[in-house]
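Reckoned from all heavy atoms, side chains included, excluding hydrogens, waters and symmetry mates. Naming convention: chains lettered A, B, ... in sequence-line order (proteins, then strands); numbering from 1 in each chain.
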2 protein chains.
Amino acid sequence: MPIEIPDVVIDRLPVYARALALLDRNGRAVVSSQELGAQLGVTPAQIRKDLSYFGRFGKQGRGYSVPRLLEELRQILGLDREWTMVLVGVGQLGRAILAYGGFAPQGFRIIGAFDAEPATIGQQVNGARVQPASELEASLRTRPADIGIVATPAAQAQQVIDRLVGCGVKAILNYAPIAAHVPPHVHIKDIDPVLSLQSMTFYLKSQLTAPVK
Amino acid sequence: MPIEIPDVVIDRLPVYARALALLDRNGRAVVSSQELGAQLGVTPAQIRKDLSYFGRFGKQGRGYSVPRLLEELRQILGLDREWTMVLVGVGQLGRAILAYGGFAPQGFRIIGAFDAEPATIGQQVNGARVQPASELEASLRTRPADIGIVATPAAQAQQVIDRLVGCGVKAILNYAPIAAHVPPHVHIKDIDPVLSLQSMTFYLKSQLTAPVK
DNA sequence: GTATGTGAACCACTTCACAGCA
DNA sequence: TGCTGTGAAGTGGTTCACATAC
């Protein structure tokens, strides 16, 4: 039955869900692919096609019920439950991640934090006690996590990822500046602002000679 | 002369550059597209095709000179000079960005930080004095910046982006969870870990019934 | 012998355009 | 009438495969 769904489609669904959540909070009952697309910078056809992979959620002539479609997307994406995460690497970046208030409200809970640095181990950071990295496996055995967050220096990142994968972690959010290798059944997303900057400069450079004003 | 270069190609170049920099530091003189691809999880043909948009940098039968190709890429991307950035939004996230040590070594310097919160204005954060958001325009007039970093709450982000664009900023690194609108000559990249998590859960969800071990 | 550079073939995603339904 | 759902057409990016050069 399952026609393969393109990854790009999956990547867009959370964007749709977020926009719908906002509309919903504003009391909006119905929205068309046209309007949703305008808000998100996506073509209406794109939205309709994306949604059509999962079902028929709209009403012809009217549009989509905001709460209904939102609920459907949350279910499709698995956002209707809580997901547990462990953080490895509690340096400056790791601390910022622990302090970040954007995960919990979306159902992503950090249940453990690990670091190799003796000075860091045992510290209380944002309500989490930093555990020795050596205890990663033992800890995950008693209390499995769905997702691993990697915020170690580049040099340790691949090894940490291998260990997480070895513990059965199936998804990794990687903040380390490396192109990591993972087996095919493991999903990984990189967060790398430097790469984003370094590609934008290409266009900045070209524009220097082309004044806009 | 200029055949349009796909954006995806530009996005990959910094990845290549980073890998080459590592090889270079390790004293590696020559590398093949084959080997570079294996390291990065990219096909050799992809790498060769990408590079072919910009010139002929390799030697048949040998491969690419690591320092030579690295230098070419740095030049193509504009990484051979310093870029200035201003940060808007000095909350928890903004502070983490100011404290982040990964920008400066790559030539990205934050020259100004702005916030609307009276309690935050005037504070010294990581060597930068937080200026009132109201002074954004005046400050950028005397000291222009190439790139704007947006780390405000979602509600203010679009407005802040509009102001940055109005000041002539041509590239934006957006940490706010919104789908921002910018004119076509402005480049924007979103950093949004929550979206990354929310798309990975789709696959986690599907795997729950498919045991691997 | 070996690895590049590149047209051509292929594939995947996007957009079109319209039938169908509210 | 208005907007969805969707095959079909179109577009853009990737991979192939080989002539070419070292």
task: Measure from CG on A:D50 to C1' on C:dC13 and round the result to the nearest Å.
output: 10 Å
task: Using heavy atoms to find the nearest nucleotide of DNA chain C for A:P6 and A:A45 separately, return the residue whose nucleotide is more 5′.
output: A:P6
- request: Record whether the side chain of B:Q60 comes under 3.5 Å of the base of C:dT2 through a donor-acceptor pair of N or O atoms.
  value: no
task: Verify the contact: side-chain N or O of A:S33 to OP1 or OP2 of D:dC3, cut-off strictly under 4.0 Å; return yes or no.
output: no
query: Would you say B:Y53 reaches D:dG13's phosphate, i.e. side-chain N/O to OP1/OP2 under 4.0 Å?
result: no
message: Between B:Q46 and D:dG13, is there a contact of a side-chain N or O with OP1 or OP2 at under 4.0 Å?
response: no
message: Does B:K189 have more than 12 heavy atoms from other residues, nucleotides or ligands lying within 6.0 Å of its NZ?
response: yes
query: What do you reckon, is CD of B:Q92 surrounded by more than 12 foreign heavy atoms closer than 6.0 Å?
result: no
query: Under 4.0 angstrom, heavy atoms only, what part of the nucleic acid is A:R48 near: base, sugar-phosphate, or nothing?
result: base
Proximity to the side chain of A:Y64 - top-ranked nucleotide from D:dT14, D:dC22, D:dT4: D:dT4
- line: Between B:R56 and A:G61, the residue closer to the 5' end of DNA chain C by nearest nucleotide is B:R56
task: Give a yes/no on whether any side-chain N or O of A:T43 is located under 4.0 angstrom from OP1 or OP2 of C:dT15.
output: yes
message: Is it the case that the side chains of B:Y203 and A:D7 hold a donor-acceptor pair, with the cut-off being a distance below 3.5 Å and no angle test?
response: yes
task: Please examine the side chains of A:D192 and B:I191, heavy atoms only from C-beta on, and report whether any two atoms are closer than 4.5 Å.
output: no
